[in-house]
Colleague: 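Let me give you the structure first, and then I'll get to my questions.
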4 protein chains.
Amino acid sequence: MDAVSDIVSRILDAAAEEFAGQGFAGAKVEAIAKRAGVNKAGLYYHVGNKEKLYEAVMLRLFGQVAGAVEQAAVPGLSPGEALAALAEALAGLFSRLPMLPRIMALEMASGAANMPAAAMMEFRRIFGVTRGILARGQETGLLRPAEPVFVHLTLVGGMIVYSLSEPLRQRFAQVAQAMGMRTDMPVGEMGAFLAGVLTRGLAAEPKEGGA
Amino acid sequence: MDAVSDIVSRILDAAAEEFAGQGFAGAKVEAIAKRAGVNKAGLYYHVGNKEKLYEAVMLRLFGQVAGAVEQAAVPGLSPGEALAALAEALAGLFSRLPMLPRIMALEMASGAANMPAAAMMEFRRIFGVTRGILARGQETGLLRPAEPVFVHLTLVGGMIVYSLSEPLRQRFAQVAQAMGMRTDMPVGEMGAFLAGVLTRGLAAEPKEGGA
Amino acid sequence: MDAVSDIVSRILDAAAEEFAGQGFAGAKVEAIAKRAGVNKAGLYYHVGNKEKLYEAVMLRLFGQVAGAVEQAAVPGLSPGEALAALAEALAGLFSRLPMLPRIMALEMASGAANMPAAAMMEFRRIFGVTRGILARGQETGLLRPAEPVFVHLTLVGGMIVYSLSEPLRQRFAQVAQAMGMRTDMPVGEMGAFLAGVLTRGLAAEPKEGGA
Amino acid sequence: MDAVSDIVSRILDAAAEEFAGQGFAGAKVEAIAKRAGVNKAGLYYHVGNKEKLYEAVMLRLFGQVAGAVEQAAVPGLSPGEALAALAEALAGLFSRLPMLPRIMALEMASGAANMPAAAMMEFRRIFGVTRGILARGQETGLLRPAEPVFVHLTLVGGMIVYSLSEPLRQRFAQVAQAMGMRTDMPVGEMGAFLAGVLTRGLAAEPKEGGA
DNA sequence: CATGAATGAGCCTTCATTCAT
DNA sequence: CATGAATGAAGGCTCATTCAT
């Protein structure tokens, strides 16, 4: 009764997991089918193709991102609050869908070759939110001018790489501890850090001559 | 007369390129050999194995990163200058070796499964630089306390994802322009942005009561 | 409806032929597939592996040997009759399955490295028959004591090598004829010879004092 | 100062070992070279070819067999003594050159495809000895008529398979012991058993009514 | 002669994809 | 729709053999 049938949805879930783990080339259709609990031939019947499968996964994931981000963009917040809300929304997504940052990274690393055109549209929605926050902040004199792309990718890039680095941080944990560093903070904390740094770092310079 | 023979070096170059483009699974040994101008069997003669090849690439790349980063860490700089120097060093690397951020992302996305233990040691050197900057800044009262891992991954993550996103930004250029956004800035500019935001965002709060 | 599907059975036949002719290392999976009338990938689908294929062949062959040998061991025969029956059963097998002695020889020559543990059990059954004949013969005072392993390997070894030597004997035929020797007797005749020699050679020494 | 240079001799030794262990197809030229302590290219320089190498090994081995067998055939022995001497000579060979029975088996199993014509001549010498023993025994009325090929292959086949079966017997030892069978007798003992069985089994039937 | 470095051919194995049932 | 069974097209790796030095 869904937009996509239940089976297809299960297949997409399984595929997202596989693709995130092994990349497009490394993912095996057989494994995806098994994970989804369907026959390999059945998978082909429903999705048609490894490439189409990848595109469908991509589209659905970026749709989810765009949705979550837009929902976080409630009007009436200060720039700092808005950035924090955005970071929190992303952190929630990344926690619930650990394959998301991995797939985003893989896709970008591959030169966005398999990114379907439709998914590009979702990007527009996502970027729009950050841009809106900055624009309002500059209008109200609270933020200094800054390239939206830089700000957006600072936030998103920082969170993606922080999520991605989890296994690495775990392997690194012993050494890090000896250096007095913690490595096991949840993504949400990294999001809060980023929002804070950006808010303070982009704050308009205090107007001189306040005497 | 080199640590690695000329041919092996050529093979590693080719492999880095191929791995960055296709991921480990997607990279074809045949393609690497052709790119390096050697016979496939010759490649095996010199390197032994796809996996060993990958590890060698990894080790060399991270060694280069560690070297460049450490060279940028000249003593006597203010925290802001030091962060800027670090960002600049990374930007230089990423410009000269565009496959570097891609491989780093791929490796992390795969859970650092193939990361050789030796490469982990390089990480320690790299992290150490950021940690040193923060420690000195806090000692001198110029910086507020902050988790080194957060700071480091903000800088590195932002630059990696910015580099990675290049093809995406290009595909996005038309739409972005219509929204009044630039998308084609070089990595160095992103590095400068990150260093600035971090410097201001981590600056110690002005001590009240300075009368 | 068989224990092994028809196709697998055909594959095992083909494999036995190929392994017998070329040894494990020399046998080509492609050739086996072609002989069996299946696609190479199909062969892997059904059997999984060159090594597994070899083990399956081995298991089936030794099972056949054990079955035939046990069937020949009808109770109530004199030692001589029993040995003759055993030899005849082996001869029948070797005639019908000319690859059998060859595979047995190859496997033994390789140190029984690939012999599956299950096949070892079949050996027990096979040896058991010879041992039974000797035991009964000694109980009844018809046979002198003798190591079962020696007796068994005299019979089996003689027949294996006689079968194996067929091409050699053929190449040798001209020379042999000139020396007044026949070389083209069927295995059955060698079996009868061996049974006879063993029966007389193991006969209890005539008790003296027979008045 | 030898007929074959020292190096070639070392290569042939190494090759015999390798061929015995892996068969012709399974033997690796690289491994032979390493075993012989020469460079792979050097091996080719000296021997020319994997096939030629095999033939040379074969020729030398069968020459050794023929020599040992002929030396054992001293005139003036009774048939039983002669067979025992023959068996003993073979046992000595098989003990000193454990690869010998294995190579003989492999070669026969492969249909004697690679057997050089020159080696066939050695066979003639070998067969000649057994034939001589039988002929003299029949002339003197001590032995009944029997096909030389049968007798020869009983002796040689039994000893070859007994040697070959060593690893198998070892794996089988536990089970065998429980069945009250020994499995670890040296080849010499098997040779003595065979000579004894053949001598008694081929003895002329006692002439009736000799009064 | 000895050696490191090719190299073409081939082999085992996998995988995306299709088809008959 | 679901499934077991193909299958063509690679892809990783090895190996016998050859050269330049």
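FYI, side chains are in, hydrogens and waters are out, and symmetry mates aren't considered; it's all heavy atoms of this structure.
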Colleague: So, does D/Asn49 get its side chain near the phosphate of F/dA16, meaning an N or O under 4.0 Å from OP1 or OP2?
Modeller: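 It does not, given that no N or O in the side chain of D/Asn49 lies less than 4.0 Å from OP1 or OP2 of F/dA16.
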
Colleague: What about B/Lys40: does its side chain form a donor-acceptor pair under 3.5 Å with the base of E/dT7?
Modeller: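 Flag unset: no donor-acceptor pair detected.
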
Colleague: Quick check for you: among E/dA2, E/dT14, E/dG4, whose closest atom lies nearest to any side-chain atom of D/Ile7?
Modeller: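 Within the option list, the nearest is E/dA2.
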
Colleague: Identify which nucleotide among E/dC15, F/dA16, F/dC13 has an atom closest to any side-chain atom of D/Val29, counting heavy atoms from C-beta outward.
Modeller: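 Of the options given, the side chain of D/Val29 lies nearest F/dA16.
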
Colleague: Judged by modelled atom types alone, do D/Glu107 and D/Tyr54 share a side-chain donor-acceptor pair under 3.5 Å?
Modeller: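 A pair is found: one side chain offers a donor N or O, the other an acceptor, under 3.5 Å apart.
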
Colleague: Which base sits across from F/dG8 as a Watson-Crick or G-U pair, both distances under 3.5 Å?
Modeller: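 The base-pairing partner of F/dG8, which may sit in any strand shown, is E/dC15.
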
Colleague: Using a 4.5 Å cut-off on heavy atoms from C-beta on, say whether the side chain of C/Leu59 contacts that of C/Met121.
Modeller: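 A side-chain contact under 4.5 Å is absent here.
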
Colleague: Using a 4.0 Å heavy-atom cut-off across all strands, classify C/Ala27 as base, sugar-phosphate, or nothing.
Modeller: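 Sugar-phosphate: the residue C/Ala27, judged by heavy atoms under 4.0 Å, touches backbone atoms but no base.
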
Colleague: Could you tell me if the side chain of B/Arg102 sits less than 4.5 Å from the side chain of B/Ser163, heavy atoms only?
Modeller: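 No, side chains not in contact.
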
Colleague: For E/dA5, does either OP1 or OP2 sit under 4.0 Å from a side-chain N or O belonging to B/Tyr45?
Modeller: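 For E/dA5, OP1 or OP2 has a side-chain N or O of B/Tyr45 closer than 4.0 Å.
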
Colleague: Which listed nucleotide (F/dG4, F/dG8, E/dA2) is nearest to the side chain of A/Asn39?
Modeller: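 Shortest atom-to-atom distance from the side chain points to F/dG4.
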
Colleague: Take D/Lys28 and C/Val38, find for each the nucleotide of DNA chain F with the closest heavy atom, and name the residue whose nucleotide sits nearer the 5' end.
Modeller: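 Checking each residue's closest nucleotide, the 5'-ward one belongs to C/Val38.
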
Colleague: State which of F/dT14, F/dA2, E/dT7 makes the closest approach to the side chain of B/Tyr44.
Modeller: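 Looking only at heavy atoms from C-beta outward on B/Tyr44, the closest nucleotide is F/dT14.
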
Colleague: For E/dA6, take OP1 and OP2 only and decide whether either is under 4.0 Å from a side-chain N or O of B/His46.
Modeller: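 Yes, because at least one side-chain N or O of B/His46 sits under 4.0 Å from OP1 or OP2 of E/dA6.
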
Colleague: For D/Gln22 and F/dC15, give me the distance from atom CD to atom P, rounded to whole Å.
Modeller: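 Going from D/Gln22 (CD) to F/dC15 (P), I get 11 Å.
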
Colleague: Would you mind reading off the distance between B/Lys52 atom NZ and F/dC13 atom C1', rounded to a whole angstrom?
Modeller: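 Whole-Å distance recorded here is 12 Å.
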
Colleague: If you pin B/Lys50 and C/Gly37 to their nearest nucleotides in DNA chain F, which one's is more 5'?
Modeller: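 The residue mapped nearer the 5' terminus is C/Gly37.
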
